[in-house]
Amino acid sequence: MRKPTGPEPGSTGEPQAPAGDAAPKEATPLSTVVRVRSLLPSLPPAERRVAQRVIDDPEGVANSTITELAQTCGTSETTVIRFCRAIGFHGYPELRLTLATEAGRAQSATGGRVIGSDISPDDSLEQIVEKVCFADARAVEETAAQLDIKMLEQVVDAVVAADRVDVYGVGASAFVAADFQQKLHRIGRVCSAWSDAHIMLTSAAVLGSGDVALGISHTGATMETIDALEVAKSRGVKTVALTNFPKSPIAEVADLILTTAARETTFRSGATASRLAQLTVVDCVFVGVAQRTYGPTRKALEATFEAVRGRTMRPDRRRR
């Protein structure tokens, strides 16, 4: 239970953060909105309203006093301070400064144009293309910016050492699971991808301590994927989660967590962005594994290329 806070010393009149709490880690200026979005589901309701305001209008928050933001979100100044600490800042002034810096940097990158990723009923087809491509590109860029390299290295280590890798995903995540399976299979790694709930459970039930189970879920709350990882974990299997939300339920059954940074928007244009972000991460894992096993990987790639080379139609054999 958090301690109540009092006025912050000085001229700002803002509440001071609880003195007994440990100092938060330094915030990463380039990823404030990304970090807020990833933590959104795990925040208390009042703090979630503040978080949503930051996501929806970061520039507006940067130009608001703490009193104005609290009133807009229907909460207290103390809650705003708690939110700031929850996302890694010491207080509201630091959050405002960082958001203002990000806004300026974003406008410079887009030539002063403001490109929202949400689709409105009045958008032209040209605007839709621009917004969808912007959302997709940002998902990949922001995923790369926030990807934990040390965690990625541990996942690569686990896959390289594994006797077998089973990948679980349903819905859109199933396509990502199949892509990862195909990549590993081509370089001679024993890997299977499953999307049926029953088969996922039976797969997990026969894995052993030398294996790896990877669950892919954008929300981190897909029951079928979580259940499969939970069964695998109970058998001593190294479990890995790939999700957009690091504090989601899937994280509780994962030994290692890789995160993406995609946003959902109207008409689920973010669904493609989330898949692209997931594909980016699994591609990084795959290339890391391939690099660690360079000799065997080269031989496997050459063998598989040779096997399918004859299935490519030569120019002189094109059908008329």
Side-chain angles (χ1 to χ4, degrees), residues 38 41-42 146-260 277-297 300:
S38 72
S42 64
Q146 60 80 56
L147 192 59
D148 187 331
I149 301 302
K150 291 184 178 179
M151 185 67 70
L152 177 65
E153 186 174 17
Q154 292 182 57
V155 173
V156 170
D157 289 340
V159 173
V160 168
D163 297 323
R164 167 179 167 182
V165 178
D166 274 24
V167 192
Y168 309 126
V170 299
S173 295
F175 298 110
V176 181
D179 177 82
F180 191 44
Q181 185 272 337
Q182 187 271 340
K183 283 182 167 71
L184 290 182
H185 182 72
R186 191 180 175 191
I187 62 172
R189 312 295 301 185
V190 179
C191 181
S192 299
W194 308 107
S195 59
D196 179 90
H198 287 194
I199 298 179
M200 287 160 64
L201 290 171
T202 55
S203 154
V206 296
L207 293 177
S209 58
D211 302 324
V212 167
L214 168 62
I216 303 174
S217 170
H218 173 77
T219 64
T222 307
M223 291 181 61
E224 295 85 350
T225 306
I226 294 170
D227 289 345
L229 277 193
E230 190 170 28
V231 171
K233 189 176 182 68
S234 70
R235 294 186 54 80
V237 176
K238 179 73 74 174
T239 53
V240 182
L242 174 56
T243 179
N244 208 66
F245 304 100
K247 292 189 178 181
S248 56
I250 200 171
E252 298 177 9
V253 294
D255 299 311
L256 303 171
I257 304 169
L258 294 173
T259 55
T260 55
Q278 290 171 344
L279 287 167
T280 298
V281 175
V282 298
D283 210 26
C284 289
V285 176
F286 165 71
V287 173
V289 171
Q291 183 193 47
R292 299 281 185 86
T293 56
Y294 191 83
T297 291

J.: Can you sort out the partners of D211 under salt bridge (Lys or Arg N to Asp or Glu O under 4.0 Å), two or more places apart, ordered by chain and number?
T.: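 D211 satisfies salt bridge (Lys or Arg N to Asp or Glu O under 4.0 Å) with no residue once adjacent residues are dropped.
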
J.: Go through the structure and list residues passing side-chain hydrogen bond (donor to acceptor under 3.5 Å, both in side chains) with S192, not counting sequence neighbours.
T.: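 For S192 there are no side-chain hydrogen bond (donor to acceptor under 3.5 Å, both in side chains) partners, ignoring immediate neighbours.
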
J.: Tell me, please, which residues at least two apart from R186 pass salt bridge (Lys or Arg N to Asp or Glu O under 4.0 Å).
T.: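 Partners of R186 under the salt bridge (Lys or Arg N to Asp or Glu O under 4.0 Å) test: none.
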
J.: If you look only at pairs with a residue in residues 279-294, which of them pass as a salt bridge (Lys or Arg N to Asp or Glu O under 4.0 Å), with sequence neighbours excluded?
T.: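 Those involving residues 279-294 are E153-R292, D157-R292, K183-D283.
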
J.: According to the ring-ring contact (aromatic ring centres under 6.0 Å, His included) rule, which pairs have a member within residues 147-172, sequence neighbours left out?
T.: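 Applying ring-ring contact (aromatic ring centres under 6.0 Å, His included) to every pair that reaches into residues 147-172, excluding sequence neighbours, yields nothing.
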
J.: For residues I250 and S217, report the shortest heavy-atom separation together with the two atoms involved.
T.: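 Of all heavy-atom pairs spanning I250 and S217, the closest is CD1-CB, 4.2 Å.
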
J.: Looking only at heavy atoms, what is the nearest atom pair of V167 and A177, with distance?
T.: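 Smallest heavy-atom distance, with atoms named: CG1-CB, 3.6 Å.
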
J.: Hey, are the side chains of L147 and T280 touching, using non-hydrogen atoms and a 4.5 Å cut-off?
T.: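 In short, these two side chains do not touch, never coming nearer than 4.5 Å.
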
J.: Which residues satisfy the side-chain hydrogen bond (donor to acceptor under 3.5 Å, both in side chains) test with N244, sequence neighbours excluded?
T.: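 Residues passing side-chain hydrogen bond (donor to acceptor under 3.5 Å, both in side chains) with N244: T260.
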
J.: Could you work out, with side chain to side chain contact (heavy atoms under 4.5 Å, CB included) as the rule, every residue matching E224, not counting sequence neighbours?
T.: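 Side chain to side chain contact (heavy atoms under 4.5 Å, CB included) check on E224 returns V170, A197, M200, T222.
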
J.: Which atom pair, heavy atoms only, marks the closest approach of P246 to A251?
T.: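 P246 and A251 have their closest heavy atoms at O-CB, 3.2 Å.
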
J.: So which pairs with a foot in residues 159-168 pass salt bridge (Lys or Arg N to Asp or Glu O under 4.0 Å), sequence neighbours left out?
T.: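 Sorted pair list: R164-D166.
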
J.: Evaluate the side-chain proximity of W194 to T202: yes if any heavy-atom separation is below 4.5 Å, no if none is.
T.: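 Sidechains of W194 and T202: no contact.
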
J.: Are the side chain of T239 and the backbone N or O of V253 linked by a donor-acceptor pair below 3.5 Å?
T.: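 Judged by distance alone, yes, a pair lies under 3.5 Å.
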
J.: Got T293 and R189 here, is their nearest side-chain heavy-atom distance under 4.5 Å?
T.: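 The answer is yes, as the side chains (C-beta and beyond) meet within the 4.5 Å cut-off.
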
J.: From S203 OG over to D196 CG, what is the distance, rounded to the nearest 0.5 angstrom?
T.: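 Reported value, rounded in 0.5 Å steps: 11.0 Å.
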
J.: Identify the two heavy atoms, one from I226 and one from G220, that lie closest to each other, and give their separation to 0.1 Å.
T.: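 Shortest heavy-atom contact: CD1-O, 3.6 Å.
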
J.: Have a look at V282 and tell me which of V176, V155, V287 forms a side-chain contact (heavy atoms from CB on, under 4.5 Å) with it.
T.: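 For V282, the side-chain contact (heavy atoms from CB on, under 4.5 Å) check succeeds only for V176.
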
J.: Can you list every salt bridge (Lys or Arg N to Asp or Glu O under 4.0 Å) pair that touches residues 233-244, not counting sequence neighbours?
T.: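 As it turns out, the salt bridge (Lys or Arg N to Asp or Glu O under 4.0 Å) pairs with a partner in residues 233-244, which skip direct neighbours, are K233-D255.
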
J.: Just wondering, do C191 and H185 contact through their side chains at under 4.5 Å, heavy atoms?
T.: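 With C-beta onward as the side chain, the pair stays apart.
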
J.: Name all residues meeting the side chain to side chain contact (heavy atoms under 4.5 Å, CB included) criterion together with Q146; count only those two or more places apart in sequence or in a different chain, and write none if there are none.
T.: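 For Q146 the side chain to side chain contact (heavy atoms under 4.5 Å, CB included) partners, ignoring immediate neighbours, are V34, T143, T259, A261.
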
J.: Which pair of non-hydrogen atoms, one from L229 and one from A213, has the smallest distance, and what is that distance?
T.: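 Shortest heavy-atom separation between L229 and A213 comes out as CD2-O, 3.6 Å.
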
J.: Could you tell me the separation between the OG1 atom of T297 and the CD1 atom of I187, rounded to the nearest 0.5 Å?
T.: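 The OG1 atom of T297 sits 4.0 Å away from the CD1 atom of I187.
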
J.: Between V159 and L184, is any pair of side-chain heavy atoms under 4.5 Å apart?
T.: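 They are in side-chain contact.
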
J.: Considering residues, nucleotides and ligands other than M151, do more than 12 of their heavy atoms fall under 6.0 Å from its CE?
T.: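 Enclosed: over 12 neighbouring heavy atoms sit under 6.0 Å from CE of M151.
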
J.: Mind checking side chain to side chain contact (heavy atoms under 4.5 Å, CB included) for A174 and listing every partner two or more places apart, or none if nothing turns up?
T.: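 Once residues adjacent in sequence are excluded, the partners of A174 under the side chain to side chain contact (heavy atoms under 4.5 Å, CB included) criterion are S195.
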
J.: I need the minimum non-hydrogen distance between V212 and A162, along with the two atoms involved.
T.: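 Result for this residue pair: CG2-CB, 3.7 Å.
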
J.: When you compare the side chain of L152 with that of V285, does any pair of heavy atoms fall below 4.5 Å?
T.: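 They are in side-chain contact.
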
J.: Can you tell if the side chain of T225 reaches within under 4.5 Å of the side chain of S173, non-hydrogen atoms only?
T.: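 No; the side chains remain at least 4.5 Å from each other.
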
J.: Within this structure, what is the CG-CG distance for the pair L258 and L214, rounded to the nearest 0.5 Å?
T.: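 Those atoms lie 8.0 Å apart.
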
J.: Among residues at least two apart in sequence or on other chains, which ones pass ring pair (Phe, Tyr, Trp, His ring centres under 6.0 Å) with F245?
T.: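 Checked F245 against ring pair (Phe, Tyr, Trp, His ring centres under 6.0 Å); matches are H218.
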
